[in-house]
Amino acid sequence: MYYPHTERCPEAHKLSLKKAHVAIVGAGGLGSNVAMLLARAGVGSLTIFDFDKVEIHNLNRQHYFPAHLGIPKVLALKAQLVALNPEITVVTHETFVDESNIKTLLEPYTYIVEAVDVAETKALIVEQVLSNLETAFVVSASGMAGTNSANTIKTHHPLTRLFLCGDLVSDVGDNLGLWPTRVMLCAAHQAQKILELIIKGGQHA
Amino acid sequence: MHIQLNGQKKEIPEHTTLEQLVEGLKFNASRIAVEINGQIKTYDASKSQRLCPGDKVEIVAFVGGG
């Protein structure tokens, strides 16, 4: 069987991608799209954490279809990732990541995608990971609600081991709505930064 | 005294704590992550820390959506 996912990838990068294991916290608009992009790029292993089931209001921006309604997101996503790239390893946890379990759950990982929706949970994940896990990088997202230009979504590097994708200000709590385009732009920024970190072995300023 | 706040020079009173700085800037303390001189600690563990002249303080504020 021929799997094309690293066909267009330079030879030197294929092994790095294949060996990489990325943790994704949240399998909603950000996490489901980040996961699909990393699977397409040939990342070898993903571990995905999410407690929710697929609901109808998720379908505008999250990588799910009506057939997935009512199914745990991590299982619906795993099925799609394996269908896309049969070589990938996907570990799923139907778990809500919080202060009590975050260190234990995320300790094994160097590359962690923060892909939850609540601002307080984003802050908790970032500060707990960076203060407890000394070698971990977090690629987080903040500010993708609303209808402003695609060009406002950027990858920022505000703290030593934190990359932050988004426009930093557009809060879904301000009733701006969430468009699939801006959410997926933000997810693509996150996935791109993870790929850069993998290829450069974390040697990234 | 002067500190560096998010890359900008900022004048603050002597003995200001991190918590006083955050409250003065009107940040929501439950939506931030803070690094002081390249070291990140949880906000609860570092909020009573008094800032020193020349400290480099980075405050990241998060908004909702995903």
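Not measured: the values here are computed from a predicted model. Below, chain A is the first sequence line, B the second, and so on; all start at residue 1. Side chains are part of it too, since the values below use all heavy atoms of this structure and drop only hydrogens, waters and symmetry mates.
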Any side-chain donor near an acceptor of the partner, A:Thr160 and B:Glu35, under 3.5 Å: yes
Interchain contact, B:Asn6 with chain A, by part (heavy-atom threshold 4.5 Å):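 Answer is neither: B:Asn6 stays 4.5 Å or more from chain A.
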Which portion of B:Ile40 sits near chain A, non-hydrogen atoms under 4.5 angstrom: both
Tell me the closest heavy-atom pair linking [X] and [Y], and the distance in Å.
X: A:Ser142; Y: B:Ala61; result: OG-O, 4.0 Å
X: A:Glu127; Y: B:Tyr43; result: OE1-N, 2.9 Å
X: A:Ala119; Y: B:Val63; result: CB-C, 3.7 Å

At what distance, to the nearest 0.5 angstrom, does [atom1] of [X] lie from [atom2] of [Y]?
X: B:Phe62; Y: A:Ile125; atom1: CZ; atom2: CD1; value: 9.5 Å
X: A:Leu130; Y: B:Thr42; atom1: CG; atom2: OG1; value: 12.0 Å
X: A:Glu120; Y: B:Ile32; atom1: CD; atom2: CD1; value: 11.5 Å

Residue [X] versus chain B: region with a heavy atom under 4.5 Å:
X: A:Leu168; answer: backbone
X: A:Ser140; answer: side chain
X: A:Leu164; answer: side chain
X: A:Leu162; answer: side chain

Residue among B:Gln39, B:Lys41, B:Arg31 with most heavy-atom pairs under 4.5 Å to chain A: B:Arg31
A:Glu99 atom CD: more than 12 heavy-atom contacts under 6.0 Å: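 Count not over threshold, so no.
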CD (A:Glu134) with more than 12 external heavy atoms under 6.0 Å: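 Result for CD/A:Glu134: open.
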For each of [options], tally heavy-atom pairs with chain B at distances under 4.5 Å, and name the one with the top tally.
options: A:Met144, A:Gln128, A:Arg182; answer: A:Met144
options: A:Gly28, A:Ala123, A:Cys186; answer: A:Ala123
options: A:Val118, A:Val183, A:Val169; answer: A:Val169

Residues from residues 31-63 of chain A approaching chain B under 4.5 Å (heavy atoms):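 Those residues of residues 31-63 of chain A which have a heavy atom under 4.5 Å from chain B are A:Arg61.
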